[in-house]
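What follows is a short report on a single structure.
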Amino acid sequence: MTTREARQVVVVERFAVRSAASWVAAAAAGVAFAVVMVSVWAEWAPVREVDQAISDGLTRWVGGSGGLVAAMAGLTRLGDTATLTGVTALAAAWLLLRRRPWVAAHVVVTALGGGLLGVVVKDLVERLRPLVDVELATAPGWSFPSGHTLGATVTYGVLLLVFASVGRARRVLAPLVVAVVLVVGFTRVALGVHFATDVLGGWLLGLVWLALTTEVFRRWRRDEGLPDVPLARGLAPEAADDLRPVSGRRVRVPPDVRLVAARLLVAWGLLLGALSALGSWLTAAGPDVPTAWDRAVVEWIAERRVPGWNAVMDDVETFSGTWPVIGAAVVVCVLALARTRSWRPVLLVSLGMLGEVTLFLITTAIVDRARPAAKLPDDLPPTSSFPSGHVAASLVLGTTVAVLVLRGTRKWWRWAVVAVALAIPVVVAAQRLYTGVHYPTDVLGSLLLALPWVTAVALSTVATPAPGPTR
């Protein structure tokens with residue numbers, strides 16, 4: 001036997017051992033889940049008592065600190081249906097843009113199938129939610145298994161398997177995914193909406209479902225004539241180059257980066273000075289004394305409010321808040337990165353949003369203008385009226401999307417995307433004026449903030465975009 005043949009035998013033996021170990025682990029997870037489910041279904045007293053003791057102890061500990069409650073409420077959102085659906089859709093869009101439709105289909109089927117499986121098992125077991133001394137949160141539906149934990153295990157797990165083909169990403173993603181899945185499970189018990197066995201059941205059922213869907217995908221690969229590879233190399237190692245954020249070439253720092261940074265700092269400083277000057281002029285008679293035409297416009301709008309438009313504007317408020325804007329910016333960055341394989345679009349959006357936030361916060365602190373409405377919503381942020389942060393943020397995001405689309409494609413639909421991107425800030429501005437939380441000059445201040453800043457950032461960062469992935 002030659003040296004090469006001996007090496008091939010060793011590789012085959014290692015692959016066989018790893019495959020057998022994977023199946024043994026999957027079978028063990030299946031058996032463990034069955035044991036947990038039966039013990040919960042039968043309401044076995046020792047399990048019930050331990051579950052209740054853990055729930056009571058954790059909720060008392062977390063309930064003693066408002067900061068801990070807020071942290072748990074925030075972290076548990078990583079397993080929300082909306083979050084997991086968004087992550088799945090974003091990953092699928094990335095894979096489709098990189099021309100990997102079968103991998104995208106596998107991600108979607110695995111994530112959706114895990115959610116449906118959890119619903120079926122919940123209806124079979126019909127376990128009630130915990131009753132704890134300190135109620136920190138509520139959740140609808142049955143308790144076993146934890147849907148958040150199951151969804152997080154399946155969704156983040158399948159993404160780990162897909163992107164494991166990128167070596168550097170695997171070293172970062174593996175501990176991150178494990179940490180997120182464990183944290184989501186912990187928060188469900190700590191908030192008192194699940195028992196410990198609900199979370200354990202979610203983890204085990206998620207691992208079993210991942211094993212089944214992974215084996216189906218690997219069988220499809222074999223049917224297509226693709227070689228068997230260890231899972232450590234990812235589900236589709238041949239797609240490693242497509243899954244990398246950029247082409248793999250070393251990023252060269254422009255020689256004039258200091259000059260670019262200096263120009264942006266000068267533009268930022270000039271805008272801050274202009275905004276502060278305008279705000280000081282508007283509040284010269286006092287923070288509670290608006291200009292005559294500001295007051296006239298606010299009063300004219302207030303007299304024409306109707307229930308139907310009130311409901312519409314409430315919906316606009318929901319989707320134009322801080323977190324929706326941040327989420328939209330992340331989506332834009334990911335899709336632009338997938339399409340262009342360049343960091344420039346990400347830099348444009350990131351610097352645009354960073355400059356907007358800092359200019360807004362400092363200006364509101366300096367100007368401190370009172371809002372026009374006598375009766376303001378309870379959830380209104382503590383910042384002052386000038387300029388409008390909602391309008392500025394939506395305008396920065398909308399204009400950066402317009403810049404990216406106009407420079408990135410010549411297709412006819414780019415004009416429709418640009419129209420929508422620029423219409424959103426108009427709708428947001430209308431909502432802020434309609435609800436009486438801003439004066440018209442606050443909106444004009446947002447224009448002064450957003451448009452020059454985006455122009456400065458775009459001129460400094462956006463070059464001709466790199467072409468999309470080709471074959």
Side-chain angles (χ1 to χ4, degrees), residues 26 29-30 32-34 36-37 40-41 72-96 101-130 137-163 173 176-189 191 193-217 220 235 323 327 330-331 334:
F33 173 75
V36 173
M37 187 177 72
V40 169
W41 204 351
M72 294 297 163
L75 291 172
T76 202
R77 291 181 179 274
L78 294 172
D80 280 355
T81 300
T83 302
L84 297 178
T85 301
V87 169
T88 302
L90 198 56
W94 177 288
L95 294 167
L96 289 174
W102 288 109
V103 183
H106 173 69
V107 169
V108 172
V109 169
T110 301
L112 294 182
L116 293 175
L117 182 62
V119 172
V120 171
V121 176
K122 281 177 180 285
D123 288 338
L124 286 175
V125 178
E126 294 185 343
R127 189 187 200 184
L128 296 176
R129 300 267 179 182
T138 59
W142 302 111
S143 188
F144 182 90
S146 166
H148 280 63
T149 306
L150 172 61
T153 303
V154 170
T155 302
Y156 299 126
V158 72
L159 293 181
L160 173 60
L161 292 175
V162 168
F163 287 92
L173 285 178
L176 180 62
V177 167
V178 171
V180 168
V181 171
L182 291 177
V183 165
V184 168
F186 179 79
T187 61
R188 304 311 288 167
V189 182
L191 291 172
V193 292
H194 279 293
F195 291 109
T197 47
D198 299 335
V199 170
L200 180 59
W203 285 331
L204 294 172
L205 185 58
L207 291 175
V208 172
W209 178 247
L210 273 179
L212 292 176
T213 56
T214 299
E215 179 59 23
V216 170
F217 186 82
W220 170 81
L235 284 177
W323 289 111
V330 171
V331 170
V334 171

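Note that the structure is a prediction, hence the values are computed from the model and not measured. Along the sequence shown, the residues carry numbers beginning at 1. Quick note: numbers below take in every heavy atom, side chains included, and nothing from hydrogens, waters or symmetry partners.
- In this structure, OG1 on Thr153 lies 8.5 Å from CG on Leu182, to the nearest 0.5 angstrom.
- How far CG of Leu205 is from CG of Leu200: 11.0 Å, rounded to the nearest 0.5 Å.
- A distance of 12.0 Å separates OG1 in Thr85 from CG in Leu90, rounded to the nearest 0.5 Å.
- Applying the side chain to side chain contact (heavy atoms under 4.5 Å, CB included) rule to Val108 yields the partners Thr88, Ala92, Leu112; only residues at least two apart in sequence or on another chain are considered.
- Of all heavy-atom pairs spanning Leu159 and Ala91, the tightest one is CD2-CB, 3.4 Å.
- Residue pairs meeting the side-chain hydrogen bond (donor to acceptor under 3.5 Å, both in side chains) criterion with at least one partner in residues 73-83, sequence neighbours excluded, are Thr76-Thr187, Thr76-Arg188, Asp80-His148.
- Between the CD atom of Glu126 and the CH2 atom of Trp41 there is a distance of 9.0 Å, given to the nearest 0.5 Å.
- Leu160 meets the side chain to side chain contact (heavy atoms under 4.5 Å, CB included) test with Leu173, Ala174, Val177; sequence neighbours excluded.
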task: Go through Val158 and Thr213 one step at a time and tell me if the side chain to side chain contact (heavy atoms under 4.5 Å, CB included) criterion holds.
output: CA-CA 9 Å; Val158 72; Thr213 56; 5.7 Å; no
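- Residues that satisfy the side chain to side chain contact (heavy atoms under 4.5 Å, CB included) test with Leu84, not counting sequence neighbours, are Thr155, Tyr156.
- Here the closest non-hydrogen pair linking Val121 and Phe33 is CG1-CZ, 4.1 Å.
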Only pairs under 3.5 Å count here: list side-chain donor-acceptor contacts from residues 138-147, not counting sequence neighbours, and write none if there are none.
from: Ser143; atom 1: OG; to: His194; atom 2: ND1; distance (Å): 3.4
from: Ser143; atom 1: OG; to: Asp198; atom 2: OD2; distance (Å): 2.3
from: Ser146; atom 1: OG; to: Thr149; atom 2: N; distance (Å): 3.2
from: Ser146; atom 1: OG; to: Thr149; atom 2: OG1; distance (Å): 2.9

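- When all heavy atoms of Thr110 and Val154 are compared, the pair lying nearest together is O-CG1, 3.2 Å.
- Annotation: the span from Thr197 atom OG1 to Met37 atom CE amounts to 12.5 Å, rounded to 0.5 Å.
- Judged as a side chain to side chain contact (heavy atoms under 4.5 Å, CB included), and not counting sequence neighbours, Ala34 has no contacts.
- Applying the ring pair (Phe, Tyr, Trp, His ring centres under 6.0 Å) test to Trp102 and every residue at least two apart in sequence or in another chain returns Trp220.
- Contact check for Pro101 versus Leu96: side-chain heavy atoms found under the 4.5 Å cut-off.
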